[in-house]
Amino acid sequence: MFLEIQNQIRTRFCQAVQAVFGLEVAEPSLGFPPNAELGEISITSCFELAKQLRQAPRKIAEQILPKLLPIDGVDRVAIAGGGYVNFFLDRARLTKGLFRLRSGLAAKPAESTPVKAGKILVEHTSINPNKAAHIGHLRNAVLGDTFARLLKFRGHPVEIQNYIDNTGVQVADVVVGFARLENKGPEAVRSLVRDTSTRFDYYCWDLYARVFQRYETDPDLAAFRSTALKAIEEDKGDLAELAEIVSSEISRIHLETMLRINVRYQLLVQESEILRLNFWKSAFELMKEKGAIRLEESGKNKGCWVMALPSPEGKNGDPDTPNDNEEDVKVIVRSNGTVTYVGKDIAYHLWKFGLLGRDFGYKPFYRYADGQTVWRTALEGDPDPPTFGNANEAFAVIDTRQSYVQDVVREALRALGYTAQSDRLHHFAYEVVGLSPRCAQELSLELSAKDQERSYIEVSGRRGLGIKADDLIDRLIEKALQEVQAREPSSDVQERQASARMIAVSALRYFLVKYTRRTIIAFDFKDALAFEGETGPYLQYTAVRAMNIFHKFNEIHSNFEPRRLLEAVNATQLLSSLTGEGGDDFWDLVLLAAQLEMVVDQSIAAEEPAILAKYSFRFAQAFNNFYHHHRILQEPSLTRQQFLLVIVHLALRTLEQALALMGIEIPARM
RNA sequence: GCGCCUGUAGCUCAGUUGGAUAGAGCGGCAGACUUCGAAUCUGUAGGUCGGGGGUUCGAGUCCCUCCAGGCGCGCCA
């Protein structure tokens with residue numbers, strides 16, 4: 001709706017400038033006037049054209065003006081201030097069209113859905129499978145999941161992957177713990193997994209921290225770590241078996257933790273398969289063949305295969321510093337012949353784009369209650385799995401500290417000649433979640449004087465310092481349940497629990513998505529447990545209010561159908577309600593509702609789910625304001641009431657959509 | 001040393017590719033429940049947008065510089 005009008009305005013403006021001045025101009029960017037009295041869409045290009053045309057901006061606007069209309073959905077156009085060109089939309093028409101769109105009565109306009117260029121792959125979560133997930137992992141998962149939902153909403157085919165580093169040191173550390181600190185073999189650990197009285201992921205959380213303490217005092221144990229790592233990589237013996245048990249079980253638990261907050265996956269890609277299916281070998285051959293890497297024959301990297309990185313910028317003549325003799329290089333293969341982490345990541349990303357000429361085997365790993373299967377890579381897979389990979393574009397949700405490594409991966413693709421794919425590989429970088437000093441103290445952590453002055457304390461799995469995801473979710477549900485019980489003590493237990501879960505999830509997800517990616521979140525229970533103000537529950541409550549109006553109305557008018565509301569409101573009534581006394585308030589709400597698709601596009605383009613979150617909140621505020629000013633069920637005029645119900649329905653459907661995009665469900669009652 | 005990021009109200013943060021009067025939540029103060037439930041709404045106080053220069057019709061936004069803070073820069077993952 002809104003997008004189509006914007007597109008038309010842009011092209012029409014170009015045509016008008018061409019017709020009047022014979023000038024080719026780029027499509028103008030559109031702005032929004034500060035209030036509805038000035039219109040809904042503005043163009044500021046006349047200011048820029050002023051210099052080129054040597055005329056006053058306002059004069060330019062005056063000449064173009066007659067050529068701008070008619071445009072479908074635009075009522076009139078006017079000049080304001082020194083040369084703003086402002087468009088006024090046809091309120092009744094837009095409202096009607098939007099109502100039909102949101103009610104599913106009209107198909108989505110073709111122009112508004114982007115061309116399907118191919119599959120978009122979103123990799124997120126990617127937690128080391130050696131211990132329970134913590135809040136930082138939740139931020140990753142929520143960002144990735146929300147972003148994937150945005151892409152799907154705009155018509156892109158999306159594949160969600162979760163990378164499992166099951167052969168790395170982190171798993172090895174826990175294996176060391178079981179083998180040496182606890183003298184447990186595969187059988188003992190298996191029975192620990194089966195033991196329902198202890199949480200395996202929590203057990204590993206503590207064990208991992210204990211192992212790290214021991215490393216500091218016990219050099220033998222530190223040496224054993226390398227032994228374990230080697231055994232795991234080579235898939236030999238009890239240690240490898242232990243690693244397999246640990247990583248599989250922890251992966252499964254992570255899936256269930258994430259499922260609690262409505263996050264799902266399609267494929268788990270394991271590092272073990274990247275190693276054992278010789279993915280790296282293929283990538284290595286490719287890189288050698290294309291000259292992307294070279295063997296160092298001298299210097300500190302002697303015997304390593306390295307990749308040269310383009311130096312940031314040639315230094316301008318400083319005679320004292322020796323001129324960049326040491327170029328920036330990154331070791332890809334160690335002198336002992338083993339591949340580094342980056343090398344494996346390069347192989348993985350080549351596969352993502354279908355550039356490796358190899359594929360994994362796949363086996364079902366997990367089944368959600370609705371029957372959807374999560375697949376996992378395997379040496380020998382099922383005969384007929386779904387197709388994975390072969391993406392046109394890929395997003396990797398990874399925290400900002402790994403920016404350098406991600407740059408190297410992109411650079412490798414470029415060095416191999418895959419510049420287009422390199423450009424379509426996006427590092428979706430976000431800042432970490434730390435603990436506020438107060439929160440750290442609540443967890444009875446000792447803080448140095450310097451720590452107390454900092455705005456946040458870094459979490460550390462090695463020290464067992466952090467907040468486990470499931471603990472936080474449990475705490476949120478508990479608090480939500482208290483709130484629910486305080487409000488509707490009569491409703492049944494199951495519904496109360498279901499509501500509490502939805503409310504807790506929405507509080508958590510909104511909390512994690514409302515901050516922009518580059519903001520460090522200093523986690524604090526007070527903020528995260530808040531249900532008032534700019535929070536998920538506020539948004540849910542808004543939707544519940546709107547639904548209540550229909551519930552009540554339905555009690556009086558038994559065969560009432562919201563979708564048919566518009567039939568009772570004729571065009572002139574619609575127009576006069578939207579433009580007459582107090583009409584601007586309704587119109588502001590409708591206009592905001594019409595911008596959902598535009599906001600989603602902005603969110604995608606900026607890779608910033610917070611844009612949608614902020615929009616949803618603003619929209620909920622606008623609706624609550626409307627709600628407060630109109631007693632809809634008491635409205636004496638029938639036609640007026642019908643009109644108000646049209647607005648409510650429109651707003652509700654828009655809000656439902658926005659919340660669904662953030663993975664937030666709406667309880668029946670609150 | 002090199003690279004990246006951040007600095008906006010008491011606190012936590014928004015601020016669309018440079019646009020019209022710099023916003024929100026929390027906290028403070030003052031108000032609004034005869035139920036479409038107040039998990040709400042209204043009003044109010046609070047700002048040298050880190051400092052300085054520049055670009056232009058116009059700068060919180062772009063450029064330079066300085067200050068303060070964070071992160072990264074391994075044959076670790």
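Not measured: the values here are computed from a predicted model. Note on naming: letters A, B, ... go to the chains in the order of the sequence lines (proteins, then strands), and numbering restarts at 1 for each one.
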Of all residues at least two apart in sequence or in a different chain, which pass the side-chain hydrogen bond (donor to acceptor under 3.5 Å, both in side chains) check with A/Asn554?
none
Could you check how far OH of A/Tyr163 sits from C1' of B/rA77, rounded to whole Å?
10 Å
For A/Gln595 and B/rU16, is the shortest distance between a side-chain N/O and OP1 or OP2 below 4.0 Å?
no
On a whole-Å scale, what distance lies between the P atoms belonging to B/rU61 and B/rC73?
31 Å
Grab the OH-P distance between A/Tyr430 and B/rC71 for me, whole Å please.
16 Å
Do A/Asn624 and A/His628 get their side chains close enough for a donor-acceptor pair, meaning under 3.5 Å?
no
Within this structure, what is the NE2-to-C1' distance between A/His629 and B/rC41, rounded to whole angstrom?
8 Å
For atom P, what is the distance between B/rU65 and B/rG1, given to the nearest Å?
15 Å
Which comes earlier along RNA chain B counting from the 5' end, the contact point of A/Thr338 or that of A/Glu458, where each point is its nearest nucleotide?
A/Glu458
Rounded interatomic separation in angstrom, taking OH from A/Tyr404 and C1' from B/rG74:
9 Å
When rounded to the nearest Å, what value does the distance between C1' atoms of B/rG19 and B/rA59 take?
10 Å
Any idea how A/Tyr627 and A/Phe623 line up, ring-wise: parallel (<30°), tilted (30 to 60°), or perpendicular (>60°)?
tilted
Answer yes if the side chains of A/Tyr430 and A/Asn140 hold a donor-acceptor pair under 3.5 Å, and no otherwise.
yes
Mind jotting down which residue pairs meet the salt bridge (charged side-chain N to carboxylate O under 4.0 Å, His left out) criterion with at least one end in residues 610-633 of chain A? Sequence neighbours excluded, please.
A/Glu534-A/Lys614
Please give the distance between the P atoms of B/rU40 and B/rG53 as a whole number of Å.
45 Å
What one should report as the nearest heavy-atom pair of A/Val544 and A/Pro667 is CG2-O, 3.4 Å
What interatomic distance, in whole Å, is found between P of B/rC64 and the corresponding atom of B/rC4?
11 Å
Which nucleotide in B/rC57, B/rC71, B/rA77 has an atom nearest any side-chain atom of A/Tyr456
B/rC71
Could you please name the option among B/rA39, B/rG37, B/rC73 that lies closest to any side-chain atom of A/Val484?
B/rA39
Say whether A/Arg10 and A/Ser29, considering side chains only, have a donor N or O and an acceptor N or O under 3.5 Å apart.
no
Are A/Tyr541 and B/rA38 close enough that a side-chain N or O sits under 4.0 Å from OP1 or OP2?
yes
What is the distance, to the nearest angstrom, from the CD atom on A/Gln55 to the C1' atom on B/rC57?
15 Å
Atom P, compared across B/rC29 and B/rG72: separation rounded to whole Å
42 Å
With sequence neighbours excluded, tell me which residues meet side-chain contact (heavy atoms from CB on, under 4.5 Å) with A/Ser272.
A/Asn166, A/Thr167, A/Gln270, A/Arg276
Side chain of A/Arg487, base of B/rA39: donor and acceptor closer than 3.5 Å?
yes
Secondary structure string for RNA chain B (Watson-Crick or G-U under 3.5 angstrom, | for other-strand pairs):
(((((((..((((.....[...)))).(((((.......))))).....(((((..]....))))))))))))....
Dump the intermediate steps for side chain to side chain contact (heavy atoms under 4.5 Å, CB included) on A/Phe147 and A/Phe428, then the final yes or no.
CA-CA 10 Å; A/Phe147 192 66; A/Phe428 192 107; 3.7 Å; yes
Rounded to the Å, how far apart are A/Asn35 CG and B/rA22 C1'?
16 Å
Take atom CD in A/Glu216; do more than 12 heavy atoms of anything else shown fall under 6.0 Å from it?
no
With the six-membered base ring of B/rA20 as reference, does the ring of A/Tyr84 sit under 5.5 Å away with planes under 30° apart?
yes
Listing, residues 224-233 of chain A side-chain donor-acceptor contacts under 3.5 Å, not counting sequence neighbours, or none:
unit_1	atom_1	unit_2	atom_2	d
A/Arg225	NE	A/Asp173	OD1	2.8
A/Arg225	NH2	A/Asp173	OD2	3.3

Any side-chain N or O of A/Arg517 below 4.0 angstrom from OP1/OP2 of B/rC5?
no
Looking only at N and O atoms, is any donor in the side chain of A/Asn86 or the base of B/rA20 less than 3.5 Å from an acceptor on the other one?
yes
Choosing from B/rA20, B/rC75, B/rG25, which nucleotide comes nearest the side chain of A/Phe617?
B/rG25
Which whole-number value in Å describes the distance from A/Asp407 CG to B/rC71 C1'?
14 Å
B/rA24 versus B/rG58 - spacing of their C1' atoms, nearest Å
26 Å
A/Asn336 vs B/rC75: side-chain N/O to OP1/OP2 distance below 4.0 Å:
no
Between B/rU6 and B/rU16, how far is it from one P atom to the other, in whole Å?
13 Å
Using whole Å, report how far CD of A/Glu483 lies from C1' of B/rU40.
14 Å
Measure all distances between protein nitrogen or oxygen atoms and nitrogen or oxygen atoms of nucleotides 8-13 of chain B, and list the pairs falling under 3.5 Å.
unit_1	atom_1	unit_2	atom_2	d
B/rU12	O2'	A/Tyr515	OH	3.4
B/rC13	OP1	A/Ile520	O	3.2

Think A/Asn625 has a side-chain N or O under 4.0 angstrom from the OP1 or OP2 of B/rU42?
yes
